[in-house]
Student: 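Please see the structure below; I have some questions.
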Amino acid sequence: MKRDFQLPDIIRSIGEDMKTIWISDVLNGKFDGQNIELKGWVKRSRGSNKIRFLVLRDSTGAIQCVGKKDTLGDDAFEQLKSALIESSIIINGMVNPDERADGGYELVIQSVEIIGPVNPKNPFPITESAMAAADGGETEFLLDNRHLYLRTSRMTTMLKIRSSVFGAIHSYFRNQDFIEYQAPNFVAGAVEGGSTLFEVPYFPTEKNPERKAYLTQSWQLYAEAAMPALERLYTIAPSFRAEKSRTRRHLTEFWHAEMEVAWANNQEIMSYGEGVVRKIATTLLEERSAELESLDRDLETIARYADSKFPRIRYDEAVETLQGMGVEIEWGQDLDYSKEKVLTQDFDVPHFLTHYPKIAKPFYHRVDPDDENYVLCHDLLAPEGYGEIIGGGERTWSEEEILARIDEEGTPREPYQFYIDTRTYGGVPHGGFGLGVDRVCSWLTGADHIREVIPFPRDSRRITP
RNA sequence: GCCGAUUUAGCUUAGCUGGUGGAGCGUGGGACUGUUAAUCCCAAGGUCAUGGGUUCGAGCCCCAUAAUCGGCGCCA
């Protein structure tokens, strides 16, 4: 069927003002010797009373622009001088390859128009000293001014890498015919056994004046409800945890890539986990090598993550290894970060840890039919001290077993009735995992803190800006 | 919830034994014909987080409060 489609007038008219030339294209030599118009923001400005160097940046890069008083005239030269850092301006000029300019190109200015001036009484607050003090990390000041810090090259780089990570996850699952599926963010109960939920007042009723909703901690339970319909499903969505964690690995609002597959076992789920992580690393090498290098990230290291198989070791072996290293740990304990850190110290690629003791994991993890002391689960631990990035496994799938596990834990059945129904009507073996997208970004960029890879981080003490 | 620390100009900081708070960046003015975080000269800019206390005298010592940062548990 042929379809005619025409842009509405209003959209077409916007096109006349739209920006058409990007600085990265100028730096790639596409406009040598041409007169062009650049739109952007002032990154830096310096000069004498006869010549002015202004570094213009846009979303793609930065280029030095040169203006001379004798060619521009006094008024235009003064205007050029008055464009303070982060003023938005439009510059017309000629592209001139010049070795003296950083990047090898400069724009010889013919005219300048200041679009959004910056008042000298209130200059852009993020100075070189503020950036130097952060030393690639973050300071309280930069966190307070996050909305402005986003414009700096470091944050811009992080956000571009982040975009590629999200894109890689979507294409990995979609290329294998997974269906993207959305679960509610307001929920009635917890996913994790009794763990920390954000409460939200939710339209009190006469019967229930204290009625509350909670922000979801995971997409999983609602995904399991759709598993018999879609069989292979995934999402990338925010999850919320009201833990007062103050670590470089925790946020109260984080982006959670989750998947669920019918008729799959723990080993198969792990293959998907390995697949998506390697796909992310591959995509970053293809799309963001320059950005990774600007963060001093070694591309060989990322290539190793992209090209290697991820070893799978059982919880028992990990405990023995740790005990052999003199770490105090008893069988049955979950592996906390201090243990993970010791364990992953010598890893040069991510490792799966499987078969945790049943007592360390919640009811939805399926008990190993070969040994009922264990569950069929896995965590993926990233090297370089970044720790857990994936948690997943097989689900308890028969009605009989799920009821037994819920009762055994002392968890009330009522909030999970819809979840139990999934088993009552044609339950099948299935499983899935959750991947901490921000943690993966943090690990692959080599960030010192998970906050560095998300535009507006939320933790137990900060919700602004 | 627990442990540790910080708070001096818009930003980054120095500040001795308790004796009238200095600098760099940024901003303003001036100089300079090509700079690379330009450079040089000058100026403005401070309730030393808040509230008490000790003292002849507190940025500094003591107590409390607040905000923030780092780490642990929990997890992705």
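Below, chains carry the letters A, B, ... as their sequence lines are ordered, and counting in each starts from 1. Just the heavy atoms: all of them, side chains too, but no hydrogens, waters or symmetry mates, feed the values below.
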Student: Are A/K69 and A/E78 within salt-bridge range, i.e. N to O under 4.0 Å?
Tutor: no
Student: Considering residues at least two apart in sequence or located in another chain, which fulfil the side chain to side chain donor-acceptor pair (under 3.5 Å) criterion with A/S82?
Tutor: none
Student: Give the dot-bracket line for RNA chain B from 5' end to 3' end: parentheses for intra-strand Watson-Crick or G-U pairs under 3.5 Å, square brackets for crossings, | for inter-strand pairing, dots for unpaired.
Tutor: (((((((..((((.....[..)))).(((((.......))))).....(((((..]....))))))))))))....
Student: Using ring centroids (six-membered ring only for Trp), state whether A/Y364 and A/Y419 fall under 6.0 Å.
Tutor: no
Student: I need the residues from residues 55-74 of chain A with at least one non-hydrogen atom less than 4.0 Å from RNA chain B; give them sorted by number, or say none.
Tutor: A/Q64, A/K68
Student: Looking across every strand, which nucleic acid part, if any, lies under 4.0 Å from A/D438 by heavy atom: base, sugar-phosphate, or nothing?
Tutor: nothing
Student: Measure from CG on A/N122 to P on B/C11 and round the result to the nearest Å.
Tutor: 12 Å
Student: How are the rings of A/H256 and A/F254 set relative to one another: parallel (under 30°), tilted (30 to 60°) or perpendicular (over 60°)?
Tutor: tilted
Student: When the aromatic ring centroids of A/Y234 and A/H170 are compared, is their separation below 6.0 Å?
Tutor: yes
Student: List the protein contact pattern of nucleotides 64-73 of chain B with one symbol per nucleotide (5' to 3'): B for base contact, S for sugar-phosphate-only contact, - for none; contact means a heavy-atom distance under 4.0 Å.
Tutor: ----BBBBBB
Student: Just checking, any donor-acceptor pair under 3.5 angstrom between side chains of A/R312 and A/Q267?
Tutor: yes
Student: For nucleotides 40-48 of chain B, which of its nitrogen or oxygen atoms have a protein nitrogen or oxygen under 3.5 Å away, and what is each distance?
Tutor:
none

Student: Polar atom pairs between nucleotides 25-32 of chain B and protein, under 3.5 Å, N or O only, would you list them?
Tutor:
residue	atom	partner	partner atom	Å
B/U27	O2'	A/P120	O	3.2
B/C32	OP2	A/N49	ND2	3.2
B/C32	N4	A/N49	N	2.8

Student: With respect to A/N266, which candidate in A/H378, A/H365, A/R366, A/H355 satisfies the side chain to side chain donor-acceptor pair (under 3.5 Å) definition?
Tutor: A/H378
Student: Is the CG atom of A/N96 crowded by more than 12 outside heavy atoms at less than 6.0 Å?
Tutor: yes
Student: Run the salt-bridge test on A/E452 and A/R154 with the 4.0 Å N-O cut-off and return the result as yes or no.
Tutor: yes
Student: Rounding to a whole Å, what distance do you find between A/R44:CZ and B/U35:P?
Tutor: 17 Å
